[in-house]
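Data block below; observations after.
Chain letters run A, B, ... following the sequence lines, proteins first, then strands; residues in each count from 1.
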Protein chains: 2
Amino acid sequence: MPVQDVDAGAHTIISTLDRLFRLLRRILPPDNLSLTAASALKRLEAGETLRLTDLSVLEGITQPAMTQLVSRLEKDNLAERVKDPRDGRVVLIRITGAGREALRARREVRAQRLGELLAALPDADREAIVAALPALDRLIEIGNAGT
Amino acid sequence: MPVQDVDAGAHTIISTLDRLFRLLRRILPPDNLSLTAASALKRLEAGETLRLTDLSVLEGITQPAMTQLVSRLEKDNLAERVKDPRDGRVVLIRITGAGREALRARREVRAQRLGELLAALPDADREAIVAALPALDRLIEIGNAGT
DNA sequence: TATTGTTATACTCTATAACTATA
DNA sequence: TATAGTTATAGAGTATAACAATA
C-alpha cells in the first residue's frame, strides 16, 4: 500500500475493527472478567507487584479509575493490595491465585468460542489473519510508545 | 494453518485484538461519539428508519439498553423517535443531520490518528494488515450469522 | 394473550474535582 | 510543597425484572 493511501486504508481498518470488537464482546461469556479487569490482571500476572499509579498509566486510565478497579478486583479476591514498607503512601497490587485461575478460564472459553468461528473459515483466511498479527503487534507498540 | 492449531491461533489472535482495542479506545477523542453510539448511528445511516427492537437485535444489546441509548442520542439531537402510523406500539428511529455530521467528523479524526500510526509502519506490515481485512470481515459475518 | 417499548434498579467503567496521608 | 491514593460525584453502557400500551 503506498503511503498516500494510508488514510483510505485507515477508514477500512477502523470499520472492520469496530465490528470485530462488538462481535467479540457479544461472544464473551457474561459471568466472566470484563475487558478492563482482564487487561489489568494480565499485567499483574506477568510481573510480581505493581504500584497502583504505574498500573493506571500502563492501562491508560486515571488513578481514581484504577483505585475503583482494584477495589472491585479485591472484592472478588482476584487481586490484593500490599503495603510498601519503604513508602507509606504507596499501594502495591498483586494478583491472587484465584485471579490467575480466572484468567486461565477466560482464555480457555474465549479461545474456544473464537476457535469455532475460525474453524468455519477457509484456510487462506485463517492464514491471512495470523499473518497480520505481528504487524498489528508492532502497530500497538507504536501507539503505546506515544503515550 | 492446519485445523488442529486453530485453538493456539485463537489465543494469539485474542491477545492481539484485546490490546488493539484498548489502544483504539485510548486514541479516540474524548468529546466524541462512543463506540456504542457510533455503531448504532452507522446502522441508521445506511437505511431509512429502524424499529427500536430491530436496532437492539442488530447491535446485540437488550431492548432496555437500546431505549436508553436512543434517549441519549435524542438528547444530543443525533437521532429521533418517529411514530409508526401503522402500529401504535412501534417506535421508529431515524438519524438526524447532526448525527450524520457527527459520524463524519468521528471517521475523519479516528482515521487521521490511526493513519499516523500506520504511516510509521513498514510497508510490508501495512500490506499484511490490509490483506487480513477481508478475512476478518468474513469472520464477523460468520459470528453474526450465529446470532 | 402476545408484542413493543419504558421504567426501576443495579453494576461496571470511566472522568474530574476535592480530599487525606505521607514524604 | 509534592506525591500517592481515596472519596465524591456524574455520566455512559450494560443487564434483569416489572410495568404500560397497543395489537
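Of the candidate nucleotides dT6(C), dT22(D), dG5(D), dT6(C) has the atom nearest to the side chain of P64(B). Distance from the side chain of K75(A) is smallest to dT12(C) among dT12(C), dA23(C), dA12(D). In the set dG5(C), dA2(C), dG5(D), the nucleotide with an atom closest to the side chain of V91(A) is dG5(D). Listed candidates were dT14(C), dA15(D), dG5(C). Nearest to the side chain of T53(B) is dG5(C). Among the nucleotides dA15(C), dT6(C), dA21(C), the one closest to any side-chain atom of I61(A) is dA15(C). Of the candidate nucleotides dG5(D), dA2(D), dA2(C), dG5(D) has the atom nearest to the side chain of R51(A). If you check dT6(C), dA4(D), dT14(C) against the side chain of R72(A), the one that comes closest is dT14(C). Distance from the side chain of A65(A) is smallest to dT14(C) among dT9(C), dT4(C), dT14(C). In this structure, of dT16(D), dA21(C), dG5(C), it is dT16(D) that holds the atom nearest to the side chain of T62(B).
The residues R51(A) and D84(A) are annotated as not salt-bridged, no charged nitrogen and carboxylate oxygen being separated by less than 4.0 angstrom. At a threshold of 4.0 Å, the pair R22(A)-E59(B) counts as salt-bridged, since one of the basic side-chain nitrogens sits closer than that to a carboxylate oxygen. Taking 4.0 Å as the cut-off between side-chain N and carboxylate O, E101(B) and R104(B) count as a salt-bridged pair. Of the charged side-chain nitrogens involved, at least one lies within less than 4.0 Å of a carboxylate oxygen, so that R106(B) and D18(A) count as a salt-bridged pair.
Taking atom CG of L52(A) as the reference point, atom C1' of dT3(D) lies 13 Å away to the nearest angstrom. Straight-line distance from the CG atom of L55(A) to the P atom of dT6(D): 12 Å, rounded to whole Å. Between the P atom of dG5(D) and the CG atom of L73(A) lies a distance of 15 Å, rounded to the nearest Å. Counting to the nearest Å, the C1' atom of dC11(C) and the CG atom of L33(A) are 15 Å from each other.
Note on R81(B): only backbone sugar-phosphate atoms sit closer than 4.0 angstrom, heavy atoms only; bases stay farther off.
Mapping Q63(A) and R22(A) onto DNA chain D by nearest heavy atom places Q63(A) closer to the 5' end of the strand.
Between the side chains of R19(A) and S39(B), not a single donor N or O lies within less than 3.5 Å of an accepting N or O.
Dashed line: the shortest gap from a side-chain N or O of T36(A) to OP1 or OP2 of dT14(C) is under 4.0 Å.
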